[in-house]
Protein chains: 2
Amino acid sequence: MSQENTGTLGEKHENPHLSDTSSLGLPRELVEAVELMFFAYRDFVSDPDTILESHGFGRAHHRVLHFVGRRPGMSVSELLHILSITKQSLSRVLKDLIEEKYIIQETDEQDRRIKRLLLSAKGHELHRNLIAPQIQRFQVSLAKSESGTLEKWQEFMRHLTNMETKIDFMDDTGREK
Amino acid sequence: MSQENTGTLGEKHENPHLSDTSSLGLPRELVEAVELMFFAYRDFVSDPDTILESHGFGRAHHRVLHFVGRRPGMSVSELLHILSITKQSLSRVLKDLIEEKYIIQETDEQDRRIKRLLLSAKGHELHRNLIAPQIQRFQVSLAKSESGTLEKWQEFMRHLTNMETKIDFMDDTGREK
DNA sequence: ACAAATATGTCAGCCATGTTGACTTATTTT
DNA sequence: AAAATAAGTCAACATGGCTGACATATTTGT
């Protein structure tokens, strides 16, 4: 292969003390971490993507299905807020899911302007099928790791998010912050 | 708030032993981990996205800039392989970057079919500016974590990727498998 | 030497999913 | 009765994936 080693990758084992710098003048292990976010995320969503394709759906459908499944009875505006997309973007995929009976709408009793979103049995089934390979991936990875890994991974990932996003969803039990 | 608590989220602290099940019949902490991948990734790329916008570029430009920066002299087909996109998709963004002088092409001496890709000074600068907030995010998070966190996080993230992807890039020093 | 394979580039069009802006309708709040 | 809120819709546009079909230059293999 007529290409010389540029020395920017693949040499982690030569310096066990980390903290040397890459071509960017930044700690190499952090630059590698940035890449790991890219690769891990891409691979992580690849399995559900395949399933979605066979249903004529995309990732956007998956997200809606997931969050409605996780918070049954959520309103459209709550969903918009979590996904951080516009209502026009949401409406395309939500319409598909409602038309094909994966999601059911119920008008709120107290405030009849609000529509509560729920998964049908069909919706729950698809939701499970989509998340299964991702859970599986975590379980396989955890089996290769020491105990306590998941908790620490979660804590670190939480630090990487914007606080607001977390609070708006993860920390919300229905009452309010 | 005319919305009752559905009990599917935000109650981690009530069961310190984990492993109870969510509405999916799956371990709740793993379902939450799936969500963390989504939120963390989204927030993680949000800062570079803002910078890119001011240059009229998108995420696709960022990826090209990044990998060319990390492996100076890589060929177009190597880049395609790492990104796992088609050459038509790549060509659009690569064209932009070359036209605006962020990336330089050099014909390989040995095999004049191959074009080696390099960042210009301008390209290096943009690359640094794009990655800076992401490195920053890691550093802030690490400061809140115990020592050894990064190594363990990286190992776990690596487990989550498809081996092939890793080997093709992370483990490649220029010679070939 | 010539045919085949390889590396790159390009045209044209399709699809998914994000965006903005402008409105409508129903319902609740003030 | 007016204003605010929740939801939905239409139209248009951008990004960045995709496929298929070719073109060109260069190297490799017979």
Side-chain angles (χ1 to χ4, degrees), chain A residues 1-3 38 41-42 45-46 48-66 68 73-99 103-117, chain B residues 1-3 38 41-42 45-46 48-50 52-66 68 73-99 103-117 176:
Chain A
M1 289 280 110
S2 55
Q3 185 210 349
F38 169 67
Y41 186 80
R42 187 179 65 181
V45 297
S46 64
D49 276 358
T50 305
I51 299 170
L52 287 160
E53 207 177 348
S54 71
H55 288 259
F57 291 148
R59 269 181 215 180
H61 298 86
H62 187 183
R63 285 172 201 146
V64 170
L65 212 49
H66 176 84
V68 171
M74 83 191 311
S75 69
V76 172
S77 67
E78 283 166 341
L79 185 51
L80 285 175
H81 196 216
I82 284 168
L83 295 174
S84 299
I85 57 174
T86 58
K87 101 185 128 164
Q88 294 88 335
S89 295
L90 174 61
S91 93
R92 270 190 302 235
V93 292
L94 187 52
K95 197 190 294 182
D96 292 343
L97 291 167
I98 290 169
E99 277 172 6
I103 287 186
I104 298 163
Q105 284 174 311
E106 278 182 7
T107 301
D108 185 279
E109 292 290 295
Q110 275 67 49
D111 185 340
R112 301 174 36 77
R113 290 173 301 182
I114 298 172
K115 303 227 181 113
R116 302 272 162 216
L117 303 173
Chain B
M1 289 274 113
S2 55
Q3 186 212 347
F38 169 66
Y41 186 80
R42 187 179 66 181
V45 297
S46 65
D49 277 359
T50 306
L52 287 160
E53 207 178 348
S54 72
H55 289 258
F57 291 148
R59 270 182 215 180
H61 297 87
H62 187 184
R63 285 172 200 146
V64 170
L65 211 50
H66 177 85
V68 172
M74 83 190 312
S75 68
V76 172
S77 65
E78 284 166 340
L79 185 51
L80 285 176
H81 196 213
I82 285 168
L83 296 173
S84 299
I85 57 173
T86 59
K87 98 185 130 163
Q88 294 89 332
S89 295
L90 174 61
S91 94
R92 270 190 301 235
V93 293
L94 186 53
K95 196 192 291 182
D96 292 342
L97 291 167
I98 291 170
E99 276 172 7
I103 287 184
I104 298 162
Q105 284 174 310
E106 277 182 8
T107 301
D108 184 280
E109 291 289 298
Q110 277 64 50
D111 185 340
R112 300 174 36 76
R113 289 173 302 184
I114 297 171
K115 302 227 181 114
R116 303 271 162 217
L117 302 173
E176 223 49 26

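The shown structure was predicted, so the numbers you read here are calculated from the model rather than taken from an experiment.
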Would you call the rings of B/H55 and B/F57 parallel, tilted or perpendicular, where under 30° means parallel and over 60° means perpendicular? parallel
Ignoring hydrogens and angles, does a donor from either the side chain of B/R92 or the base of D/dG17 sit under 3.5 Å from an acceptor on the other? yes
Per the atom types in the model, does the base of C/dG21 pair as donor or acceptor with the side chain of A/Q88 at under 3.5 Å? yes
Would you please confirm or rule out a distance under 4.0 Å between OP1 or OP2 of [N] and any side-chain N or O of [X]?
X: B/S89; N: D/dC18; result: yes
X: A/R63; N: C/dG18; result: yes
X: B/T86; N: D/dC18; result: yes
X: A/S77; N: D/dA7; result: yes
X: A/Q105; N: D/dG8; result: yes
X: A/H61; N: C/dT17; result: yes

Could you state the [atom1]-[atom2] distance from [X] to [N], rounded to the nearest angstrom?
X: A/L80; N: C/dG18; atom1: CG; atom2: P; value: 11 Å
X: A/D108; N: C/dA26; atom1: CG; atom2: P; value: 18 Å
X: A/L117; N: D/dA6; atom1: CG; atom2: P; value: 14 Å
X: A/I103; N: D/dA7; atom1: CD1; atom2: C1'; value: 15 Å

By nearest nucleotide on DNA chain D, pick out whichever of A/R113 and A/S91 is the more 5' one. A/R113
Could you check A/R112 against A/S84 and say which one's nearest nucleotide on DNA chain C is further toward the 5' end? A/S84
Is B/D108 salt-bridged to B/K115, going by a charged N under 4.0 Å from an acidic O? no
Identify whether any heavy atom of B/K87 sits under 4.0 Å from a base atom; if not, whether one sits that close to sugar-phosphate; answer base, sugar-phosphate or nothing. base
